[in-house]
**Student:** 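Quick one: this structure, given as C-alpha cells, is what I'll be asking you about.
Per chain, numbering begins at 1; letters A, B, ... match sequence-line order.
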Amino acid sequence: MRYKPNTAGWLTVLPLGICLILVTTVPLCYVFILGLFRYYLPEKTQTFIGLLNYAEILRTAEFWHSFSVTIVFCGGVIFFHLVLGLGIALLLNQRFLGLEKVKRIFRTIIVIPWLIAGAVSASIWLVIFHPFGAINTMLMSSHLLQRPIIWLGDNRFPLPTVMALYIWRNLPFYIIIILAAIESIPQQLYEAASIDGAGKINQFLYITLSYVTPTLLTLGMIDTIWSFVQFDLIFLTTGGGPAGATQNLSLLTYYTAFEDLRFGKASTQGILTFLFSLVFVIIYIKLSVQREK
Amino acid sequence: MRKLSKNSVTNIKKCIWLASCIVVIMIILLPVFWMCSIAIRGSREIFTIPPHWIPEKITLVAFKKILNDPGFVRAFINSVFVSLSVTLISVFLSGIAGYGFSRFKFRGKNTFIVYMLSTQMIPPVLLVIPYYLILRKTGLYDTYAGLIMTYLTFTLPFCALILRGFFANIPMELDEAALIDGCSRVGAFFRIILPVSLPGVIAAALFTFLTAWNQFLFALVFTSSANRRMLTVVIGAKLGQYNIFWNDLMAINVIVCFPLIIGFFLLQKYFVRGLTAGAIKI
C-alpha cells in the first residue's frame, strides 16, 4: 500500500502526537482549570473563585521573595555557565600535534558530572560542604578559617552554594556544545586573519566570538528554561531553607501543594512560574532576533 | 638551530596547556573522586581532620551492606524496570515520528515541532499537581504504569528531537533505492534505515534512559510504598535521616551512576553528536 507523502507523514507522527497530547496537554489544561478553584485537599470540596488565587498570590511577599531567589539563581547560573563554558571550551580546543588522543580523553571524562543524577550530586555536595566536610577542614587546616562555616545553613552562603552545585553539575553540557560550535569555525578564517596581521585577541573577538554568539544565545535560553524551574538539587540540599533563603518558585509551588495541600493555590503559583519563564524566554528571543538584524 | 628553538617553544606551550587542562579537569571531577573515595572507606574514616584524599584502609564494607539491603535491591530493580520501559516506549514512538519528520513534507510539520519544543518548557512542578490528582483518581498512583506514563512527558519530545536529527543525516537515496527495488516503506525503514541508524537509536535510547533514571521529582511524588520506591528517592530519603552513614550513601551513589558512566564511555561518539543535534539544530 502506498500513501501520499502528506498522509504518510501524518501517520508517522500520529502515535507520538496522541501520546504527547495525553501526557502533557491534558494535565496542563487541567492545572489551568485547577488554578481557578479554591481546593484544599482534606476538605475535598472545590469552590470556583475565578482569578482570586492570582490576585491573592501576587500580593504575598513570599511569592515575590521566591521570585527574586529564582531570578538571582537563574542569572548567576547562566552567567557562570556561559563564561566558564566558553573559557574551558577554548582551553580544550587548542590544537597540538601528538596530543589529539589526550584531548579526546579530556573531553570524554569532563562530561561525568552531567551524567550524575541530581540526587547523587546533591548528596555529594552535602558531604563536601558539611560543617566537618572536606571544604571546611581543608580551609581550617590551611588556617584560612578559624571556625567552620555552615555552608548550607548560614544566612549568607546557602544560595551561592546551591548555585555552585547547579553550575558544576550542568557545566559539561555547555562546554561540549560550545566546543562543538568552536570546532565548526573554518580554519581558513584564522589563517587569513593572521596573514592580515590580526593578533590572537582580535582573532578571538572578531572570529571566534562572533561565530559562537548564536550558540551562546541559544544556550542562554535553554539555561533560562532549565534553571528557572530547578527543583531537585535545591530540594535535596537545603529544602528551600534556611528561612526560605533558597526557596525558588518551584519549591514554593511544591510546598503549597504537598505540605499545605492547597492544590488550587499551588496550581496558580505553578502557572505563574510557567508564565514568568515564558516571558523571559520571549524577551530573550526578541533580543537575539534584534541582534541578528 | 632556529627550528630547534621553535620546537622547544611549542613543547613549553604543550606542557602549559596540558597542565592547565589537567587542573581544570581535576577541579571538575574532584567531587566525583571524593564520592568514590568515601564509598570505599569504613565509617571511622569519614570525617578526619585534615581529610585523607585516599583512605588509609580501603574496604568494600559499605557496598556489602548496601547490596544486602532488600530495600535498595528492590529500588534498583524498580529503577531499571521503569527506565527501560520508558526508554522502549519513547524510542519506538519517537523513532517512527523522527523518521517521518526527516522523510516527508506534510502540512503542520513545523507546528508539530514547535509544539514538541514547547512541551519541554513546562515546569515539571506544574505537571506534578494535576498528575497527582489524576493518578489518585484513576488508581494509577503508586504503580509502575503511572510512573511510566508521567515519565513520558519529558522523554518523548526530547527523544523525538534527537532521533529526527539522526535520521536527517541518512541520505534519502537509501530509501529511494530500497523503494525502487520493491521494498515497501515499512520494509525500507526496518531493513535499511534502522540498521544504518542503529548507533543513533542506541544513543537516543541511552539519553532517554539517563533522564528517566535520574528523574527525582516525579518519582518522589507519585510513589509512596517501599515496593515502588525508585533509587533517587532512596537517596533523598537517606539524606533526610538524622544519622547518615556517608560511606553507605556514597556507595549507593557509585552504584547509581557508574552503569551510566560506563554506557556513556562506550557510546561516547554518538552521544555527543546527539547532544548537539538535539539541543541546537532546532
**Student:** Given the options A:Val13, A:Val102, A:Leu28, which has more heavy-atom pairs under 4.5 Å with chain B than any of the others?
**Tutor:**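 The candidate making the most pairs under 4.5 Å is A:Val13.
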**Student:** Heavy-atom pairs under 4.5 Å with chain A - which of B:Phe265, B:Phe216, B:Phe258 has more of them than the others?
**Tutor:**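 Most pairs with chain A among the choices: B:Phe216.
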**Student:** Checking A:Tyr39 against chain B: side chain, backbone, both or neither under 4.5 Å from a heavy atom?
**Tutor:** side chain
**Student:** Are the side chains of A:Trp168 and B:Pro31 in touch, meaning some heavy atoms are under 4.5 Å apart?
**Tutor:**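 Yes; the side chains approach each other to less than 4.5 Å.
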**Student:** With a 4.5 Å cut-off on heavy-atom pairs, point out which of A:Val281, A:Thr108, A:Thr273 contacts chain B the most.
**Tutor:** A:Thr108
**Student:** Using non-hydrogen atoms only, which part of B:Ile96 is less than 4.5 Å away from chain A: side chain, backbone, both, or neither?
**Tutor:** both
**Student:** Contact part of B:Phe154 toward chain A, heavy-atom cut-off under 4.5 Å: side chain, backbone, both or neither?
**Tutor:** neither
**Student:** Say whether, by atom type as modelled, one donor and one acceptor occur between the side chain of B:Trp34 and the main chain of A:Ile124 under 3.5 angstrom.
**Tutor:** no
**Student:** Between B:Lys13 and chain A, with a heavy-atom cut-off of 4.5 Å, which part of the residue counts as in contact: side chain, backbone, both or neither?
**Tutor:**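 Both backbone and side chain.
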**Student:** Roughly how far, to the nearest 0.5 Å, is CZ of B:Phe106 from OG1 of A:Thr12?
**Tutor:** 5.5 Å
**Student:** Please assess A:Asp232 against B:Leu217 for the test side-chain contact (heavy atoms from CB on, under 4.5 Å), listing each intermediate value before the final yes or no.
**Tutor:** CA-CA 7 Å; A:Asp232 39 358; B:Leu217 177 59; 5.9 Å; no
**Student:** I'd like to know which of A:Leu251, A:Leu22, A:Ile271, A:Ile112 tops the heavy-atom pair count under 4.5 Å against chain B.
**Tutor:**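 Maximum pair count with chain B is reached by A:Ile112.
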**Student:** At a heavy-atom separation under 4.5 Å, does A:Tyr254 approach chain B through its side chain, its backbone, both, or neither?
**Tutor:**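 Its backbone and side chain both get close to chain B.
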**Student:** Which bit of A:Val31 is near chain B, if near means a heavy-atom gap under 4.5 Å: side chain, backbone, both or neither?
**Tutor:**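 Both parts, backbone and side chain.
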**Student:** I need the residue from A:Ile88, A:Leu91, A:Leu34, A:Thr237 with the largest number of non-hydrogen atom pairs under 4.5 Å to chain B.
**Tutor:** A:Leu91
**Student:** Could you tell me which of B:Val221, B:Leu260, B:Val234, B:Ile89 has the largest number of non-hydrogen atom pairs under 4.5 Å with chain A?
**Tutor:**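 Maximum pair count with chain A is reached by B:Val221.
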**Student:** For A:Leu249, which atoms come within 4.5 Å of any heavy atom of chain B: side chain, backbone, both, or neither?
**Tutor:** neither
**Student:** Go through B:Leu133 and A:Tyr30 one step at a time and tell me if the side-chain contact (heavy atoms from CB on, under 4.5 Å) criterion holds.
**Tutor:** CA-CA 10 Å; B:Leu133 297 174; A:Tyr30 186 34; 3.9 Å; yes
**Student:** For each of B:Gly100, B:Pro123, B:Ser94, B:Ser118, tally heavy-atom pairs with chain A at distances under 4.5 Å, and name the one with the top tally.
**Tutor:** B:Pro123
**Student:** Side chain, backbone, both or neither: which part of A:Ile109 has an atom under 4.5 Å from a heavy atom of chain B?
**Tutor:**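 Contact with chain B is through both the backbone and side chain of A:Ile109.
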**Student:** Given that the side chain runs from C-beta out, which part of A:Ile116 has a heavy atom under 4.5 Å from chain B: side chain, backbone, both or neither?
**Tutor:**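 Both the backbone and the side chain of A:Ile116 come within 4.5 Å of chain B.
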**Student:** Side-chain contact, heavy-atom cut-off 4.5 Å: B:Leu29 with A:Pro113?
**Tutor:** yes
**Student:** With a sphere of 6.0 Å drawn around CZ of B:Phe92, does it hold more than 12 non-hydrogen atoms of other residues, nucleotides or ligands?
**Tutor:**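 Incorrect, the count does not exceed 12.
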**Student:** Once rounded to the nearest 0.5 Å, what's the spacing between atom CG of A:Leu11 and atom CZ of B:Arg185?
**Tutor:**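 Going from CG on A:Leu11 over to CZ on B:Arg185, the span is 12.0 Å.
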**Student:** Please classify the contact of A:Phe228 with chain B as side chain, backbone, both or neither, using a heavy-atom distance under 4.5 Å.
**Tutor:** neither
**Student:** Flag the pair B:Leu126 / A:Thr253 as yes when at least one side-chain heavy-atom distance between them is below 4.5 Å, and no otherwise.
**Tutor:**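 Heavy-atom side-chain distance check fails, nothing below 4.5 Å.
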**Student:** Measuring heavy-atom distances to chain A, does B:Met149 have an atom under 4.5 Å in its side chain, in its backbone, in both, or in neither?
**Tutor:**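 Both the backbone and the side chain of B:Met149 come within 4.5 Å of chain A.
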**Student:** Where is the tightest heavy-atom contact between A:Leu236 and B:Gly236, given as atom of each residue plus distance?
**Tutor:** CD2-CA, 3.5 Å
**Student:** Can you tell me how far apart NZ (A:Lys103) and CG (B:Leu18) are? Round to the nearest 0.5 Å.
**Tutor:**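 Reported to 0.5 Å precision, the distance equals 13.0 Å.
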**Student:** Apply side-chain contact (heavy atoms from CB on, under 4.5 Å) to residues B:Thr150 and A:Val23 and explain how you reach the verdict.
**Tutor:** CA-CA 7 Å; B:Thr150 51; A:Val23 297; over 6 Å; no
**Student:** Write down the atom of A:Phe274, the atom of B:Met121, and the distance for their closest heavy-atom approach.
**Tutor:**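 Scanning both residues completely, I find the closest heavy atoms to be CE1-O, 3.6 Å.
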**Student:** Check each atom of A:Ile225 against the heavy atoms of chain B and say whether the ones under 4.5 Å are side chain, backbone, both or neither.
**Tutor:** side chain
**Student:** For A:Ile175, is it the side chain, the backbone, both or neither that has a heavy atom under 4.5 Å from a heavy atom of chain B?
**Tutor:**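 The side chain, not the backbone.
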**Student:** Check each atom of B:Ile261 against the heavy atoms of chain A and say whether the ones under 4.5 Å are side chain, backbone, both or neither.
**Tutor:** both
**Student:** Counting only heavy atoms closer than 4.5 Å, note whether B:Ile25 contacts chain A via side chain, backbone, both or neither.
**Tutor:**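 Side chain only.
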**Student:** Answer with side chain, backbone, both or neither: which region of B:Val256 has an atom nearer than 4.5 Å to a non-hydrogen atom of chain A?
**Tutor:** side chain
**Student:** Between A:Cys19 and B:Leu156, is the side-chain contact (heavy atoms from CB on, under 4.5 Å) condition met? List the steps.
**Tutor:** CA-CA 9 Å; A:Cys19 258; B:Leu156 274 181; 3.8 Å; yes
**Student:** To the nearest 0.5 angstrom, please state how far the CE atom of B:Met116 sits from the OG1 atom of A:Thr24.
**Tutor:**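 Atom-to-atom, B:Met116:CE and A:Thr24:OG1 are 11.0 Å apart.
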**Student:** Relative to chain B, which segment of A:Phe231 carries a heavy atom at a distance below 4.5 Å: side chain, backbone, both, or neither?
**Tutor:**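 Contact with chain B: side chain only.
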**Student:** So which residue, A:Ser142, A:Ala181, A:Ser250, A:Ser121, ends up with the most heavy-atom pairs under 4.5 Å with chain B?
**Tutor:**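 Most heavy-atom pairs under 4.5 Å with chain B: A:Ser250.
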**Student:** Counting neighbours of NZ on B:Lys137 that are heavy atoms of other residues, nucleotides or ligands and sit closer than 6.0 Å, is the number greater than 12?
**Tutor:** yes
**Student:** Do B:Cys21 and A:Leu92 have side-chain heavy atoms sitting under 4.5 Å apart?
**Tutor:**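 Contact flag for B:Cys21/A:Leu92 side chains = yes.
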**Student:** Looking at A:Leu20, A:Leu278, A:Leu14, which makes the most heavy-atom pairs under 4.5 Å with chain B?
**Tutor:** A:Leu20
**Student:** What do you reckon, is CE of B:Met172 surrounded by more than 12 foreign heavy atoms closer than 6.0 Å?
**Tutor:**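 Result for CE/B:Met172: enclosed.
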**Student:** Specify the closest pair of heavy atoms between A:Leu16 and B:Ala160, including all atoms of both residues, with the distance to one decimal.
**Tutor:** CD2-CB, 3.8 Å
**Student:** Output the distance between atom CD1 (B:Ile129) and atom NZ (A:Lys265), rounded to the nearest 0.5 Å.
**Tutor:**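 These two atoms lie 12.0 Å from each other.
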**Student:** Do the non-hydrogen side-chain atoms of B:Gln120 and A:Trp226 ever get within less than 4.5 Å of each other?
**Tutor:**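 The answer is no; the side chains never approach within 4.5 Å.
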**Student:** Could you look at B:Ser20 and say if it's the side chain, the backbone, both or neither that has a heavy atom under 4.5 Å from chain A?
**Tutor:** both
**Student:** Answer with side chain, backbone, both or neither: which region of A:Val26 has an atom nearer than 4.5 Å to a non-hydrogen atom of chain B?
**Tutor:**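 It is neither, since no heavy atom gets under 4.5 Å.
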**Student:** Taking A:Ser123's backbone N and O only, do any of them form a donor-acceptor pair with B:Trp246's side chain (distance below 3.5 Å, no angle check)?
**Tutor:** no
**Student:** Just so I know, are the side chains of B:Val24 and A:Phe106 near enough to count as touching, which here means a heavy-atom distance under 4.5 Å?
**Tutor:** no
**Student:** If you take the centroid of each ring, where Trp contributes its six-membered ring, are B:Tyr132 and A:Phe263 closer together than 6.0 Å?
**Tutor:**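 Aromatic pair counts; centres sit under 6.0 Å.
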**Student:** Looking at every heavy atom in both B:Pro124 and A:Val229, which two are closest together, and how far apart are they?
**Tutor:**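 Nearest pair, atom of B:Pro124 first, then A:Val229: CD-CG2, 3.9 Å.
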**Student:** Checking heavy atoms, do the side chain of A:Trp125, its backbone, both or neither come under 4.5 Å from chain B?
**Tutor:**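 For A:Trp125, side-chain heavy atoms alone lie under 4.5 Å from chain B.
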**Student:** Please flag which part of A:Ala266 lies under 4.5 Å from any non-hydrogen atom of chain B: side chain, backbone, both or neither.
**Tutor:**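 Contact with chain B involves both backbone and side-chain atoms of A:Ala266.
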**Student:** What residue in B:Ile38, B:Val254, B:Leu220 has the most heavy-atom pairs under 4.5 Å with chain A?
**Tutor:**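 Of B:Ile38, B:Val254, B:Leu220, B:Leu220 has the most heavy-atom pairs under 4.5 Å with chain A.
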